[in-house]
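What you see below is based on every heavy atom in this structure, not just the backbone, and it leaves out hydrogens, waters and symmetry mates.
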Amino acid sequence: MNTLPPVISDDDLDHLEMIASPAYYLGFPDMDVLAANSAARELTPCLVPAEPGSRPTNVVEWIMTKPARDNIVNWQAVAARTVHMLRVMGPGLVPQERLEGLPRDQLTRG
């Protein structure tokens, strides 16, 4: 989108609502929730975009919660891949303090 903070237009939101299943616009690579359609808001109300000026709602953080663990069938694989992606793609693009809080090795243990 090339703007910081990203700007989601009314057309973008209309497009998101045309998708019948849960759908989001996420920041990349930080995975902050920028927008969510009504199906997503109904399924996971804790993943709605944060109010302007607030700490962003983040998918990586949500994946580490008990509701995510209980609802994602292959949670361990999804969580490990998401954290790995952020660790690999994030440096230089995501503030270091956000990367330092990521889990290290507990995701790979059975």
Side-chain angles (χ1 to χ4, degrees):
M1 297 180 139
N2 299 327
T3 59
L4 291 174
V7 176
I8 306 293
S9 71
D10 289 340
D11 287 340
D12 294 330
L13 295 174
D14 288 345
H15 182 264
L16 202 60
E17 283 301 326
M18 290 173 42
I19 301 169
S21 59
Y24 299 90
Y25 282 128
L26 302 175
F28 186 81
D30 56 13
M31 305 282 286
D32 288 340
V33 177
L34 305 176
N37 69 2
S38 55
R41 289 170 184 271
E42 184 177 323
L43 181 67
T44 51
C46 56
L47 273 179
V48 299
E51 294 295 321
S54 301
R55 186 170 185 271
T57 303
N58 186 273
V59 171
V60 178
E61 291 175 3
W62 178 78
I63 285 177
M64 298 303 142
T65 67
K66 183 162 177 27
R69 188 176 298 213
D70 292 343
N71 290 308
I72 298 174
V73 174
N74 56 343
W75 174 84
Q76 190 167 3
V78 171
R81 288 180 186 137
T82 304
V83 169
H84 177 75
M85 186 266 323
L86 186 53
R87 270 200 212 119
V88 170
M89 307 279 292
L93 299 173
V94 176
Q96 188 61 33
E97 60 271 8
R98 290 188 76 184
L99 297 176
E100 289 170 0
L102 293 174
R104 289 287 169 206
D105 61 352
Q106 63 267 37
L107 295 176
T108 57
R109 297 183 185 157

When clusters are formed by joining ILVMFWY residues with side-chain heavy atoms under 4.5 Å apart, either directly or through shared neighbours, do Val48 and Trp62 land in the same one? no

Spatial distance of atom CG (Leu34) from atom CG (Leu26) [nearest 0.5 Å]: 6.5 Å

At what distance, to the nearest 0.5 angstrom, does OG1 of Thr57 lie from CD of Glu51? 9.0 Å

Please check if Val33 and Ile72 belong to a single hydrophobic cluster, counting links between Ile, Leu, Val, Met, Phe, Trp and Tyr side chain heavy atoms closer than 4.5 Å. yes

Donor-acceptor contact present, side-chain Asn74 to main-chain Ala77, <3.5 Å: no

Using 0.5 Å steps for rounding, measure from the OG1 atom of Thr65 to the CG atom of Leu47. 8.0 Å

Contacts of Asp10 that satisfy side chain to side chain donor-acceptor pair (under 3.5 Å) - sequence neighbours left out: none

Taking atom CD1 of Ile63 and atom CG of Asn71, what is their separation to the nearest 0.5 Å? 12.0 Å

Please output the side-chain donor-acceptor pairs of residues 37-44 that fall under 3.5 Å, not counting sequence neighbours, one pair per line with the distance.
| residue | atom | partner | partner atom | Å |
| --- | --- | --- | --- | --- |
| Asn37 | OD1 | Ala23 | N | 3.2 |
| Asn37 | OD1 | Ala39 | N | 3.4 |
| Asn37 | OD1 | Ala40 | N | 2.8 |
| Asn37 | ND2 | Leu16 | O | 3.3 |
| Asn37 | ND2 | Ile19 | O | 3.1 |
| Asn37 | ND2 | Ser21 | O | 2.9 |
| Ser38 | OG | Glu17 | OE1 | 2.8 |
| Arg41 | NE | Ala36 | O | 3.1 |
| Thr44 | OG1 | Tyr24 | OH | 2.5 |
| Thr44 | OG1 | Ala40 | O | 3.2 |

Do any N or O atoms from the side chain of Asp12 and from the backbone of Ser9 form a donor-acceptor pair under 3.5 angstrom? yes

Between Met64 and Val83, is any pair of side-chain heavy atoms under 4.5 Å apart? yes

